[in-house]
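Because the structure is predicted, anything quoted here is derived from the model rather than measured. One-based numbering along the sequence shown. Note that ligands are numbered from 1 as they come in the structure, with each ligand's atoms numbered from 1 the same way.
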Amino acid sequence: MKVISNPNTNPVSSAERDKRVAEPGFGKYYTDNMVVAEWSEATGWADAKLQPYGPITLDPAAMVFHYGQEIFEGMKAYSQPDGGVSLFRPDANAKRFAKSAARIALPEMPVDFFVKTVEELVKADAGWVPKKIGESLYIRPFMIATEVGLGVRPSNHATYILIATPAAAYFNSAKAVTVWISTEYVRAALGGTGEAKCGGNYAASLLAQKQAAKEGCDQVAYIDAKERKWVEEMGGMNLYFIKGSGKDAKIITPKLTGTLLPGITRDSILTLANDLGYKTEEAMISIDDWRDGVKSGEITEIFACGTAAVVSAVGTAKSIHGTWQTGDGQPGPITNQIRAALLAIQHGSAEDKHGWNKRVI
Ligand SMILES: *Cc1c(COP(=O)(O)O)cnc(C)c1O
């Protein structure tokens, strides 16, 4: 499968593009092009097409509208010191996309084909990659069920689309996020779709998000569906807890039990924290451990991580059991160190020991 290029012949002017890239926000502007690929059960994947960004036409009876058969990915292209552009671990996104597809009964896209579509879009829209540290081109691949029909069964037609949006640095180094630990709503149960990156998981989480906002919180942290006590993750980011400080600190993240989304940032930080000399552990952490840990001072820092925000400090946690604060409520030194170390690799200013960057330009 190849990518047939038929790029936008009427792109945004470079002056206007530069203006947008200078103040990108998140998801506010989209690049000049997109990639579309069609799959059918009868013929498999057809060649992808790089074409002008724009609206798509779908039959109202396309299955995605009725039964939510949809998956997506989130990944970033980072500018490099010599003016080039690199993707961060695109193979990991490709593999997860294939796993998500399998769970949602959508077709698996070959890893090389997926990565090729991303490379071609980044090359075509290279002028949209912001240059500042922490800024990036956020890339959103997704796949929808496009068979026309209302029968409930896996679609025999799927459409893959790839779009990109310049993204500002998400992180506010002066401010930690507050989280609402939801004891009412569940994100994922064993045997469900928690490990798959699918829109349905997000649809199910919006009400809890609304409740969090009502409680004055920025994000929701979910606990397990069965025992209702183990901390799993936030709606779109994995969690890390730091015990102790300095060189003796231990960096702990909830174990992947089958209901957590296996974040690529989470995985990278496990390796990176070891490189920085910290001990790491994947463990079961309960709400009680969280509360008692921050109250006693054993837990010194908490942060959330994911492609979009990279690393975000978690300050206050609130639930029906009360409110408690990590440290002084401000982003801690190890959180800041890990964020800076990861960004340095992504932006090519630190050695890429693990071969995570894939040069595109
Ligand atoms: C995407 C996502 C994450 C973070 O994964 P990254 O690969 O680090 O971006 C965490 N939780 C959920 C539910 C997600 O969808």
- [ ] Go through the structure and list residues passing side chain to side chain contact (heavy atoms under 4.5 Å, CB included) with Lys76, not counting sequence neighbours.
- [x] Tyr78, Ser136, Tyr138, Thr307, Val310

Just the distances, no angles: every ligand 1 N or O to protein N or O pair closer than 3.5 Å, one line each.
residue: ligand 1; atom: 7 (O); partner: Arg96; partner atom: NH1; Å: 2.8
residue: ligand 1; atom: 7 (O); partner: Arg96; partner atom: NH2; Å: 3.0
residue: ligand 1; atom: 7 (O); partner: Ile264; partner atom: N; Å: 2.8
residue: ligand 1; atom: 8 (O); partner: Ile264; partner atom: N; Å: 3.3
residue: ligand 1; atom: 8 (O); partner: Thr265; partner atom: N; Å: 2.9
residue: ligand 1; atom: 8 (O); partner: Thr265; partner atom: OG1; Å: 2.6
residue: ligand 1; atom: 9 (O); partner: Thr307; partner atom: N; Å: 2.9
residue: ligand 1; atom: 9 (O); partner: Thr307; partner atom: OG1; Å: 2.6
residue: ligand 1; atom: 11 (N); partner: Glu233; partner atom: OE1; Å: 2.5
residue: ligand 1; atom: 15 (O); partner: Lys197; partner atom: NZ; Å: 2.7
residue: ligand 1; atom: 15 (O); partner: Tyr202; partner atom: OH; Å: 2.5

Open item on the list: Can you see whether Glu232 engages Thr259 through a side-chain donor-acceptor pair at a distance of less than 3.5 angstrom?
Closed with: yes

TODO: Evaluate whether atom NZ of Lys279 has more than 12 neighbouring non-hydrogen atoms of other residues, nucleotides or ligands under 6.0 angstrom away.
DONE: yes

- [ ] Count the heavy atoms belonging to other residues, nucleotides or ligands that lie under 6.0 Å from CD of Glu281, then report whether that count exceeds 12.
- [x] yes

- [ ] Please name the pair of heavy atoms, one in Ala304 and one in Met234, separated by the smallest distance, quoted to 0.1 Å.
- [x] CB-CE, 3.4 Å

Task: Single-linkage hydrophobic cluster Tyr160~Met75, side-chain heavy atoms < 4.5 angstrom - done: yes

